[in-house]
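Excluded from the calculations below are hydrogen atoms, water molecules and symmetry mates; all remaining heavy atoms, backbone and side chain alike, are included. Numbering of ligands and ligand atoms starts at 1, following listing order.
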Amino acid sequence: MKASTFLSLALFGPLCTCESDQGQDIKLRLLTYNIRYATTSPDTGEQLWSVRRPLMASQLNFETTNRPESLICMQEALRQQVTNIQTDLGDSWQRIGVGREDGAQKGEYSPIFYQPGTWQLTQNRTYWLSPTPDVIGSKGWDAALPRIVTVARLTHKATGTPLVYMCTHFDHVGQVARENSASLLIKIANDWSKTNDTATPNKTVPVFLAGDLNIQPNNKAYSTLIAPASEGRMKDIKDLVPVAKWYGNNKTFTGFTSSKTDDTRIDYIFARDPVKAGFKFLSYGVLTNSFDDGVYISDHRPVVVDALLPAAGKA
Ligand SMILES: *[C@@H]1O[C@H](CO)[C@@H](O)[C@H](O)[C@H]1NC(C)=O
Ligand SMILES: *[C@@H]1O[C@H](CO)[C@@H](O)[C@H](O)[C@H]1NC(C)=O
Ligand SMILES: *[C@@H]1O[C@H](CO)[C@@H](O)[C@H](O)[C@H]1NC(C)=O
Ligand SMILES: *[C@@H]1O[C@H](CO)[C@@H](O)[C@H](O)[C@H]1NC(C)=O
C-alpha cells in the first residue's frame, strides 16, 4: 500500500472502491427537534430539563436504534443539554455546533449529532444569519436574537458518498430577518453543494436543510426557500412523500398545553434539488412530544424523514 493511500485510509476510512457496497442506496434518517432550552423558570405545563431529559433520551435512542445513518439536528440546546444528550446517546455518537452568542459555549446551539462509525466529518462551520455571517454573535436585520446555521459535510464511509446537512433556527420576531435568512441559506447550500474535489469539480453534493423556521408555510420566507426561480431550490420533503406515507401529526409546535387551537407547523426538513439527486423519500413523520405520563418532552415535536440516497458512483 502506498503511503498516500494509507494516509487517506487513516484519515477518512475506506473512501472506497468496495464494490459490494457501491450501487446500494443509503438508508438515511434525518431528524430535527427543537428540544426547548433548559430553563430555571418553567412555563405553565413545562417540566424542568432534569425531568424531560430521560424521556428525550429514550425517544432519540428509540428513533435511531439500528439506523446508524441517522443524523439529528436540534435547536435551543444549551451547552449542558448538548453534553447531556451526547452522554445519553453514547460513545458511538459525535456532534458539532457552537453556542450562538460567542461561537463557543454561550447561548443556544443548533447542533448536529452523527455516528462517526458511519459518517466521516470532513468539514463543518457555523454561519450567523446576518449581513455578516462570519461575525460571531451578529444579529441580522430586525431579528431579536443572534441566529445561526450549523453546516456539516459528511462522507458515508462504506460507500464514499458525500452529503451536507444544515441545521438552523430562524428568528421568532424579525420577518425581514427570516426572509433574508432564507436567501442566505440558499446561497450557503449552493456553495456547499459544490465539491472541492479536483477530479469531479462540478459534481453536486446532496444538501439537506432542517430546523425550526418559526414560520408557517404561508410565510414569504418559506416561499423564498422553495422559490422555483432560485438556483438550487429547496423542496419541502413533506411534499415529496405521498400523504399515505405521512405518520403522526401535521403540527410541529404545541407549547406545553393540550389545547390544539394554537398548534402550528414551523419545523421542516428540506432537500436541495432532490429530483436531480435521485433521492427516494419513503416516509415523513411528526412524532409525539407527550405520552401517558402527560410530561411534555419539549414544546416542539420531532420531525423525521426516511430516504434512500443513491450511493456514490451509482447516480
Ligand atoms: C469542525 O469545526 C470545529 C470548529 O471550527 C473545528 O475545530 C474542527 O476541526 C472541525 N472539524 C472538521 C473535521 O473539519
Ligand atoms: C473550497 O475550497 C476553498 C479554498 O480552500 C474554500 O474557500 C471553500 O470554502 C471550499 N468550498 C467548499 C464548498 O468546501
Ligand atoms: C464547471 O462549471 C463551470 C461553470 O459552469 C465551467 O466553466 C467549467 O468548465 C466546468 N468544469 C468542468 C471540468 O466541467
Ligand atoms: C394531516 O394532514 C392530512 C392532509 O391534510 C390529513 O389527511 C390528516 O388527517 C392530518 N393528520 C392529522 C393527525 O391531523
Side-chain angles (χ1 to χ4, degrees), residues 7-13 15 71-74 77 79 82-83 86 93-128 133-138 146 148-157 160-168 188 191-192 194-197 205 207 216-218 222 236-255 258-269 281 283-291 300-305:
L7 185 63
S8 87
L9 278 177
L11 285 175
F12 300 114
L15 284 184
L71 299 173
I72 311 174
C73 153
M74 289 179 186
R79 165 85 187 158
V82 172
T83 52
Q86 174 73 66
W93 289 82
Q94 257 307 338
R95 87 281 181 174
I96 57 153
V98 295
R100 68 189 183 191
E101 282 174 37
D102 66 353
Q105 299 187 3
K106 196 156 175 268
E108 295 175 9
Y109 294 49
S110 294
I112 295 171
F113 285 81
Y114 67 99
Q115 301 204 37
T118 300
W119 296 103
Q120 173 76 42
L121 178 70
T122 57
Q123 195 184 357
N124 76 110
R125 194 169 149 186
T126 301
Y127 298 85
W128 274 261
D134 293 326
V135 176
I136 291 170
S138 57
I148 55 175
V149 60
T150 307
V151 188
R153 184 186 298 282
L154 300 152
T155 300
H156 185 249
K157 287 183 166 181
T161 310
L163 68 73
V164 172
Y165 198 29
M166 302 171 58
C167 180
T168 198
I188 293 171
D191 288 348
W192 282 67
K194 298 182 177 75
T195 58
N196 263 348
D197 177 357
V205 179
V207 180
Q216 302 200 57
N218 60 2
Y222 176 93
D236 186 332
I237 295 177
K238 184 174 188 181
D239 294 335
L240 302 174
V241 174
V243 177
K245 302 281 174 70
W246 293 359
Y247 168 72
N249 298 288
N250 289 314
K251 309 289 177 66
T252 67
F253 174 80
T254 63
S258 57
S259 155
K260 294 182 168 47
T261 52
D262 51 359
D263 292 358
T264 51
R265 176 174 181 241
I266 59 174
D267 302 84
Y268 305 90
I269 306 180
F281 292 100
S283 63
Y284 167 89
V286 178
L287 309 182
T288 189
N289 56 353
S290 172
F291 293 97
H300 289 247
R301 294 165 168 154
V303 179
V304 180
V305 159

Under 4.0 Å from a heavy atom of [X]: which atoms of ligand 4 are those, numbered in the order shown and with their elements?
X	result
N250	1 (C), 2 (O), 3 (C), 8 (C), 10 (C), 11 (N), 12 (C), 14 (O)
W246	2 (O), 3 (C), 4 (C)
G248	13 (C)

Donor-acceptor contact below 3.5 Å, side chain [X] vs main chain [Y]:
X	Y	value
T168	I148	yes
Y109	A104	yes
D236	K238	yes
R100	W128	no
R95	Q86	no

Short check: is a protein heavy atom less than 4.0 Å from [atom]?
atom	value
atom 2 (O) of ligand 4	yes
atom 11 (N) of ligand 4	yes
atom 14 (O) of ligand 1	yes

Give the numbers and elements of all ligand 1 atoms closer than 4.0 Å to a heavy atom of Q123.
->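 Answer for ligand 1: 14 (O).
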Do me a favour and list the nearest non-hydrogen protein atom to atom 6 (C) of ligand 1 with residue, atom name and distance?
->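 Looking only at protein heavy atoms, the one closest to atom 6 (C) of ligand 1 is N124 ND2, 4.3 Å.
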Protein contact of atom 7 (O) of ligand 4 - nearest heavy atom, named by residue and atom, plus distance |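 Nearest neighbour among protein heavy atoms for atom 7 (O) of ligand 4, to 0.1 Å: V243 CG1, 4.5 Å.
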Does ligand 1 have any atom that is closer than 4.0 Å to a heavy atom of L121?
-> yes
With ring-ring contact (aromatic ring centres under 6.0 Å, His included) as the test, would you mind laying out the steps for Y165 and Y114 before giving the verdict?
-> CA-CA 10 Å; Y165 198 29; Y114 67 99; over 10 Å; no
Is a salt bridge present between D262 and K251, judged by a nitrogen-to-oxygen distance below 4.0 Å?
->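 Salt bridge absent between D262 and K251.
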